[in-house]
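Read through the structure below, which is laid out as structure tokens, and then see the notes.
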Amino acid sequence: YYDFMGYARNFNRLPGGWGLEFIRLASGGAEGRDANNLRTSGFDYSETAIAVGGGLKGIYFSKLSMGVSVKFLSRTLADSADRHFGGDLGLQYGPLLRGRLELGAVASNVLSFSGGDTSDKLPLLMKAGAAYRIAGDVLLAAEIDSDGKFKVGSEYALGIGSLRAGLDANMVSFGLGTVLLSAYSLDIAVTRHPLLGLSNKISLGYQFGGGKNKREDKPAVLARDYLE
């Protein structure tokens, strides 16, 4: 199973904000086998991640935003366990072309440490992407990383809801989101993987100070989401 919880808020007097998140992925009851393929005791696997980060807009240039985050990852497999620490740096520039275009770049795991039953570290990964408003409320976002992986996605906003679709080399995904009672948001996504098949995610969000939900600039939102 997969669980996620996040929280974010603005700085009181500065043009920026901070947030934190908790993610857990776990699978239990797997059947163990020895070197001779004989059945042994069962085992569990889990990954737990905690991250905190912040960002500011107007760093040296009015259209430049910069953010940093630190994260902790713990993994367990049967009786083995390891821990990883990493730091990320991100930049976003825009809007450009009369509010149609946003550009972004991320360096993941600029700082990386590990402990426990491993000497491996989280690898350095570079990403660059852009979000462009094609026409009206139709948006297109794309991302490429230093491993050569390319992703593309689109969103169409209509009324109080949005339709979304995404594609990379291995998966295709579809989703929709809507705002409920001004302060609540509901998002549903379905992903199809060639080996894992169909999986779905459902998330519920709440904006504190209900009734003050403002529509964010969509290119900025997509650039941020696709560069996570």
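Computed over heavy atoms, backbone and side chain alike; hydrogens, waters and symmetry mates excluded.
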- What's the spacing between I202 CD1 and D187 CG if we round to 0.5 Å? 10.5 Å
- Between G94 and E102, what is the shortest heavy-atom contact and its length? CA-OE1, 3.5 Å
- Item | Rounded distance (nearest 0.5 Å) linking atom OG of S173 with atom CG of L198 | 11.5 Å
- Once you round to the nearest 0.5 Å, how far does CZ of F4 lie from CZ of R24? 16.0 Å
- Indicate yes or no: at least one non-hydrogen side-chain atom of R75 is less than 4.5 angstrom from one of L77. no
- In the single-linkage hydrophobic clustering (I, L, V, M, F, W, Y; side-chain heavy atoms under 4.5 Å), do F72 and V110 co-cluster? no
- Answer whether the closest heavy-atom distance between the side chains of L56 and F11 falls below 4.5 Å. yes
- Shortest non-hydrogen contact between G99 and R133, atoms and distance: O-NE, 4.2 Å
- Message: Using only atom types and a distance under 3.5 Å, with no angle test, would you say the side chain of D147 pairs donor to acceptor with the backbone of K149?
- Response: no
- Query: Would you say E47 and T76 make side-chain contact, with heavy atoms under 4.5 Å?
  - Reply: no
- Any sub-3.5 Å donor-acceptor pair from S162's side-chain atoms to A157's backbone N or O? no
- Aromatic plane relationship, Y206 with Y184 - under 30° parallel, 30 to 60° tilted, over 60° perpendicular: tilted
- Same cluster or not: are L125 and F150 linked, directly or through other Ile, Leu, Val, Met, Phe, Trp or Tyr residues, by side-chain heavy atoms under 4.5 angstrom apart? no
- First locate atom CZ of F174, then atom CG of L167, and finally report the distance between them rounded to the nearest 0.5 Å. 8.5 Å
- Task: Report the distance from atom CG of D82 to atom OG of S119, rounding to the nearest 0.5 Å.
- Result: 10.0 Å
- Locate the shortest heavy-atom distance separating S114 from T118; write the atom from each residue and the value. OG-O, 4.1 Å
- Query: Side-chain heavy atoms under 4.5 angstrom apart, residues restricted to Ile, Leu, Val, Met, Phe, Trp, Tyr: same cluster for Y132 and Y156?
  - Reply: yes
- Item | Any W18 side-chain heavy atom under 4.5 Å of Y7 side chain | yes
- Item | Under 3.5 Å donor-acceptor, K63 side chain and P95 backbone | yes
- Task: Check for a donor-acceptor pair, side chain of N200 on one end and backbone N or O of V190 on the other, with a separation under 3.5 Å.
- Result: no
- Item | For the student: nearest non-hydrogen atoms of L101 and A130, plus distance | CD1-CB, 4.2 Å
- Using atom types as modelled and distance alone, determine if a side-chain donor or acceptor of T178 lies under 3.5 Å from a backbone N or O of I160. yes
- Indicate whether any N or O donor in one side chain lies under 3.5 Å from an N or O acceptor in the other, for N109 and K71. yes
- When every non-hydrogen atom of R164 is compared with those of G177, the smallest separation belongs to NH1-N, 3.7 Å
- Message: Quick one: does any side-chain atom of N36 pair with a main-chain N or O of L38 as donor and acceptor, under 3.5 Å?
- Response: no
- Query: Is a side-chain N or O of R83 found less than 3.5 angstrom from the main chain of G115, in a donor-acceptor match?
  - Reply: no
- Kindly work out whether a path of hydrophobic side-chain contacts (I/L/V/M/F/W/Y, heavy atoms less than 4.5 Å apart) joins L89 to F113. no
- Query: Hey, are the side chains of R9 and N12 touching, using non-hydrogen atoms and a 4.5 Å cut-off?
  - Reply: yes
- Query: Could K201 and Y2 be counted as a cation-pi pair, given that NZ or CZ must be under 6.0 Å from the ring centre and within 45° of the axis?
  - Reply: yes
- Query: What is the minimum heavy-atom distance between H84 and D120, and which atoms define it?
  - Reply: CE1-O, 3.3 Å
- Under 4.5 Å between any side-chain heavy atoms of L139 and I134, yes or no? no
- Gap between atom CG of L122 and atom CG of L73 - 0.5 Å precision: 6.5 Å
- side chain to side chain contact (heavy atoms under 4.5 Å, CB included) evaluation trace for I50 with L20: CA-CA 7 Å; I50 300 173; L20 54 88; over 6 Å; no
- Check whether the side chains of S74 and T48 place a donor and an acceptor atom closer than 3.5 Å, and report yes or no. no
- Verify the cluster assignment for V52 and M66: are they in a single hydrophobic cluster under the rule of side-chain heavy atoms below 4.5 Å apart? yes
